[in-house]
Amino acid sequence: MGDSSPRPIAYSRRSSSRLGRRSSIMSSGHANGPVYRRDSTISNASFVSDVEMAHEEVFAGPMSESVPSSVTGFAHRRDRADSVASFTYFQEDEDSPEWSDDQAIIDEDVEDADVPKRSGGDLEYDLESGSISPKRRKSSGFSRTSAENPLLSRQDSAKTDTSGLGRGARSSQKIYVMTEDLTIVVAGFTTQNLGFLIYLCCCVLTLGLGYLVLRWLPRWRVRLIGSPQPLRECDWVVVENQWGEFAVQSITKASYGHSASTVFGLGEKKGYSLEYDEDDDPVLMNLRFLDYRYIRFCFHPLKDKFVLCSDWKDPNWINVKSIRAGLDSDERHRREQVFGKNAIEIEEKSIPQLLVDEAFHPFYIFQIASLILWSLDDYYYYAACIFIISVVSITTTLTETRSTMKRLREISRFECEVRVLRNGFWRQVESAELVPGDVYEVSDPSLTQFPCDSLLLAGDCIVNESMLTGESVPVSKTPATDDSLHLLKLSTSSMSTEVAKHFLFSGTKIIRARRPQGGQDDEAVALAMVVRTGFNTTKGALVRSMLFPKPAGFKFYKDAFRYISVMAAVAGLGFIASFVNFVRLGLAWHLIIIRALDLITIVVPPALPATLTIGTNFALSRLKKKNIFCISPQRVNVGGKLDVICFDKTGTLTEDGLDVLGVRVVHRPAMRFSDVLVDSSTLLPGAAYERDPTVDYGIHKAVLYTMATCHSLRVVDDQLLGDPLDVKMFEFTGWGFEELAQKINAIDDEEPQNTPSSIARPPPGMEFGIDDTRESMNNTPIELGNLKSFEFVSQLRRASVIVGQSGSSQGDVYVKGAPECMREICRQDSFPVDYEELLDFYTHRGFRVIACATKHIQALNWAKVAKMTRHEAESDLRFLGFIIFENKLKPATTGVIDELNDADIRKIMCTGDNILTAISVARECNLIDRTAHCFIPHFLEGDVRDPKALLKWQSVDNSLFELDENTLVPLPPPAESDASLPYDISNLRNYCLAVSGDVFRWIIDFGSENVLKRMLARGQVFARMSPDEKHELVEKLQSIDYCCGFCGDGANDCGALKAADVGISLSEAEASVAAPFTSRVFDISCVPEVIREGRAALVTSFCCFKYMSLYSAIQFTSVSLLYTSGSNLGDFQFLFVDIFLVLPIAIFMGWTGPYPTLCRKRPTASLVSRKILTPLLGQILLCILVQVIGFEFVQRQPWFVPPQLDTEKSNVENSENTTLFLVSCFQYIFSGIVQSVGPPFRQTMRNNLPFVVTIVATSLFSAYMLFDPGTWLADLMVLTPMSIDFKAFLLFLALGGFACSWIAERKVFLWLARVLGKIHDKLWPHRRKKRKEYKLLLEEMRM
């Protein structure tokens, strides 16, 4: 290591070192557990949002957009707008916040973090997030929520009923779990005997009714039987989350007898306390833990609160060599006791449990009560049919629930045998027995996917992480180093770049796992250490997101149940009116009660909640047939309200595999670019006579060598795998590629790595250098070895490699990356004079440009390579030239963008590519108007770190056109200027903005709120955006009232896909943690499909809702009119209406598919809007009018059969009953036709064959009952004779009502709704509906 003299670098196929059998065993220490270092860092994120996720994407390739990140999108989740602001068992007292010691000290994790220095601003320590963040201007504070702002303020976490570190007795605490975006309050209770006795008596005396009521109102039950207790003493807890969801969980207690550090870690106060205090690590005689939604919280006796177990990190994980020793049996048993088994076991409820949960739902209890009521009223046939339907419904639901849970269990459950190192010996164990710290073999051929979250210690792996990112491009994993171990922070929701490239995520598929074949031991294997197990893993988080999806908060469902409550109030009024009327008629008391209660079952239709989901279920079925899958069904309706769609560019709008157009290198001494060199033979001709003697081919050779070596490709089954851009670039060279074996964890061995990771060889005929020939003496064939790689980092926007030639003591550094970053790392005299000119030429035309640079290292040995830092390698470089890629649009892109343009849905491109390239692609696919100005901001003074920097907005096509820096409205060009524009850019009215990531960040941090909002309203292209900035863009758009969708390939869009109202990932996986929607069709044609189906599902829900409301109103009117004379509908009449008319019509009404053309207007999402309620109330009044006319006219007929008053039972056989029943049958049918809305959101009715058949069949049967019913039918339906003239009158009455309803629905009621709206706005201007903020902004900016 100490020898720094240059000597030839020789390649060996196998390393000389061997991996010996590990004999060292972790000391078991004293009786209470292992002795841990007292100065290591305790995990501090049990309830805090520690470090924000995914600031760098990890991949093996040059450009961030085309390659998957190992970072999931868990950090990028915003709280929904409908989350509750207060909790039942947690009171916030802002006057007297209490602090605990651990909150008063800045954690070591924060000190080690890279804290940005902001001039002009001071730093504030966020005690909830566990991070230091610069104070920002208020301009960025208007978003719904920022990823850096936790849900809780600093005071919240410390406030409790009582306080004290280890001495207090807090009875409740608030916890924020960042990885789940979940805020919960935990309150401790014990059961009080008196309250429990009262509860039992209440349940028994009310025959179970008290049990049901308290089951539906758990807060009342807790209030009755629970007695608040400190968390350290309670027997059970109440857990309430921010959406008001309520759960009662028991506390699990287990004897333990080991130190607290084995559960919580140790050394939180490193650097602040010089003395060791025994109280810092007491022995825990008992463990108290809480499992909520498969998240385990352990009670910390010193902190007097529950903390997360999933973020535990062994303080001994500091050295790769030492941790490869594995665990002993005692330590494994202790860790299993704390962390549980390594199994994602979803609790499977038994059939009786599922039956109880389903049958005790208020819906079915209401059904049961109705069945009892109908049976008491002698409606046996009707009650029997409804009972059978309910049983079938419950059975179907149970079957579906069981099958869904079974399928989810199959997806989540993974068991296999692994070879694990225990007590210094290898043994075969079940994967469920793994615990954090176990070392196991990953190169076992039988292992197809990783059984837990692990850290690679030896060997190398290529994995498919599509489950996490939605992208199936393979990702390379390399062995961890001591530095990466230090950076490993399990308290965060993501891994840093340096850690993620060594991190093996649970559930990801193994494409290849190689043992370190260059080791000194033939038995050497690829090793990994278990870091997280079970539900604490990444796969566990995915399963948990499926089991417990966040409430969508869609207004429609809230309004629907609000309307049901109003109808229930109407039913209550009907109950009172009927009760009074029946008392007046002198009916028997049992009949009075039964009849009055029966009215409630009519007004509140039990099937209403089920019919609201019909449209969504049909939409999901149609989407699945189009290879679009959804794991969050409630998002389907939200898709119908989208205002803006953000698109990733590469892999989404454009093809993944970019074709190399050619290379342009720098010609010296002219310092100008060469012509386009379209293949490797013209770039570097093989024969001397083919070369131009005036050209310095050394630069050509360096560019070729860059393309051959500066990549992250791997070979699996003789096939190159990696970033598609890398593959195309390497194929351009025509070279060969070979991976070599790696020494196990060479960086930590005594000798440095002495074998390159890969070798690139030229094709036949090019084996020798340009100055060599086959006949030369001592010539050596070219073999370029990759000695060390610095992978692509999104912040740096470049990748580099150190390359050596076998037998040579010299080496070279080759760098490729974004042209913008080359100015910082290359010598200024190496840039050609036409650098900017040529770059603008290609980026304006949509080509992707990669810049190349190099430097030569005269004396190079392995020790020098090992010590060389990235900064040293990527400095003082010589610029070489450009590699130009054709960025081809996908075939479907332009058509879809045009369709969205026609539908007036805003489109935004959000990419990591060059801003000019992005603008060119946006114009090519019509995402922005080709004839309109596009303005780009740049810093006139200062830079992104300067709060006082000034921005200047200029047209990309003519810099004479500028925007006002405050209003972002175009300024008039100077009168003396030539305003002629290239590319026919003449439209200034429809201008748009294109913003780069650095300007976006500056405006967020330091710009005015007004400029930020206007930029969001007019911005069409956002380029050079990091994953975090993409996520933040989505949140900012939502903050100005956009309903925002995001479509991407999942590579580095996970945060944005999660934050969007509708996220669509283009992926091979059916279910991805990346987004609610996943499309297996790899283009954006899925976007209009989701919007179409969302609109159709939303309109279908309104149709079904209005139809079921009309059904209730029609039947309520019929029964109320009959009640006036003590009559009612018959048993089979109810049966026919509910089963054979209403049910099939309601079901098949939702069968109608979406209209193929997207229209410019969007369906309303508010059930209580005038557009919905005005027509609904109008239709109800028309139905009442028709029935009243029939009711009055039948009484005047000479053959009228009046009802015979019977005080013991209802009389059904009378002319009033027959008239109202027949008229109402036609009303049910015709109302279905009226409410079955077609274009512009759904197809016409004639496209829905089942619905048309149902309407025709029921209409013919109703006409048959009216005009010529058979004797059997007349007896069954209890129909009385009527004259043919009156029958014709009833038919014309029904048809006339249908015609009025049709005309009024299409013409009158919508006009009336607008009139009422205008009247409302004039009378109550302060209650006028608030317009969306982005619409107001666009109006202000309109020229």
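Just so you know, residue 1 is the first one in the sequence shown, and it goes up from there. Just so you know, these numbers come straight off a predicted model, no measurement behind them.
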> Ignoring hydrogens and geometry, is there a side-chain-to-backbone donor-acceptor pair from Lys788 to Ala866 under 3.5 Å?
Replying inline: yes
> Rounded to the nearest 0.5 Å, what separation is found between the CG atom of Leu1066 and the CG atom of Leu1057?
Replying inline: 9.0 Å
> If every non-hydrogen atom of Val525 is compared with every non-hydrogen atom of Ala458, which pair is closest and at what distance?
Replying inline: O-CB, 4.1 Å
>> For a side-chain contact (heavy atoms from CB on, under 4.5 Å) check, start with the C-alpha distance between Phe450 and Lys539, then their side-chain angles and the critical distance, and finish with the verdict.
In response: CA-CA 10 Å; Phe450 297 109; Lys539 183 178 179 181; over 6 Å; no
>> Using modelled atom types and a 3.5 Å cut-off, is there a donor and acceptor pairing between side-chain atoms of Lys888 and backbone atoms of Asp659?
In response: no
> For Trp735 and Phe730, what are the C-alpha separation, side-chain angles and deciding distance, and is it a side-chain contact (heavy atoms from CB on, under 4.5 Å)?
Replying inline: CA-CA 7 Å; Trp735 283 41; Phe730 187 79; 4.0 Å; yes
>> Quick one: does any side-chain atom of Arg798 pair with a main-chain N or O of Lys816 as donor and acceptor, under 3.5 Å?
In response: no
> Do other residues, nucleotides or ligands put more than 12 heavy atoms under 6.0 Å from the NZ atom of Lys509?
Replying inline: no
>> For Asp1083 and Thr893: C-alpha separation, side-chain torsions, deciding distance, then whether side-chain contact (heavy atoms from CB on, under 4.5 Å) applies.
In response: CA-CA 7 Å; Asp1083 58 44; Thr893 297; 5.7 Å; no
> Picking from Val801, Asn786, Leu787, what satisfies side chain to side chain contact (heavy atoms under 4.5 Å, CB included) with Ser758?
Replying inline: Asn786
>> Is it the case that the side chain of His700 and the backbone of Leu683 share a donor-acceptor pair, with hydrogens and angles ignored and the cut-off at 3.5 Å?
In response: yes
>> With side chain to side chain donor-acceptor pair (under 3.5 Å) as the criterion, how do Ser454 and Tyr440 come out once you've worked through the C-alpha distance, each side chain's angles and the decisive distance to 0.1 Å?
In response: CA-CA 9 Å; Ser454 315; Tyr440 69 100; 2.6 Å; yes
> Is there a side-chain contact between Thr894 and Cys925, using heavy atoms and a 4.5 Å cut-off?
Replying inline: yes
>> So, taking the atom named OG1 in Thr1078 and the one named CD1 in Ile628, what distance separates them when rounded to the nearest 0.5 Å?
In response: 10.0 Å
> Which heavy-atom pair separates Ala918 from Thr911 by the least distance, and what is that distance?
Replying inline: CB-CG2, 3.8 Å
>> So Arg848 and Leu725, do their side chains get closer than 4.5 Å, heavy atoms only?
In response: yes
> Side chains of Met822 and Val815: closer than 4.5 Å at any heavy-atom pair?
Replying inline: yes
> Between Asn342 and Ser431, what is the shortest heavy-atom contact and its length?
Replying inline: ND2-O, 2.9 Å
> Regarding Thr481 and Asp483, is there a side-chain donor-to-acceptor distance under 3.5 Å anywhere?
Replying inline: no
> Got Leu720 and His711 here, is their nearest side-chain heavy-atom distance under 4.5 Å?
Replying inline: no
> When rounded to the nearest 0.5 angstrom, what is the spacing between CG in Asp648 and CD1 in Ile1084?
Replying inline: 11.0 Å
> Which pair of non-hydrogen atoms, one from Thr508 and one from Asn464, has the smallest distance, and what is that distance?
Replying inline: CB-O, 3.5 Å
>> Could you check whether Asp453 and Thr538, counting side-chain N and O atoms only, form a donor-acceptor pair closer than 3.5 Å?
In response: yes
> Is Gln805 reaching over with its side chain to a backbone N or O of Glu783, donor-acceptor style, under 3.5 angstrom?
Replying inline: yes
>> Please report the interatomic distance CG(Leu880) to OG1(Thr706), rounded to the nearest 0.5 Å.
In response: 5.5 Å
>> Please determine whether side-chain contact (heavy atoms from CB on, under 4.5 Å) holds for the pair Phe790 and Leu796, giving the CA-CA distance in whole Å, both sets of side-chain angles, and the decisive distance to 0.1 Å.
In response: CA-CA 11 Å; Phe790 297 102; Leu796 300 176; over 6 Å; no
> Are any side-chain N or O atoms of Lys477 and backbone N or O atoms of Phe503, one a donor and one an acceptor, separated by less than 3.5 Å?
Replying inline: yes
> Closest heavy-atom contact between Leu456 and Gly459?
Replying inline: CD2-O, 3.6 Å
> In Å and rounded to the nearest 0.5 Å, what is the OG1 to CD1 distance from Thr843 to Ile884?
Replying inline: 10.5 Å
>> For Ile462, is there any backbone N or O sitting under 3.5 Å from a side-chain donor or acceptor partner on Ser476?
In response: no
>> Show the nearest heavy-atom pair for residues Tyr705 and Tyr814, with the distance to one decimal.
In response: CD2-OH, 3.2 Å
>> So Thr448 and Phe414, do their side chains get closer than 4.5 Å, heavy atoms only?
In response: yes
> With a 4.5 Å heavy-atom cut-off, do Ile857 and Asp812 have their side chains touching?
Replying inline: no
>> One thing to verify: whether Glu739 and Arg512 come together as a salt bridge, which I'm taking to mean a side-chain N less than 4.0 angstrom from a carboxylate O.
In response: yes
>> To the nearest 0.5 Å, what is the distance between CD1 on Ile883 and SG on Cys852?
In response: 3.5 Å
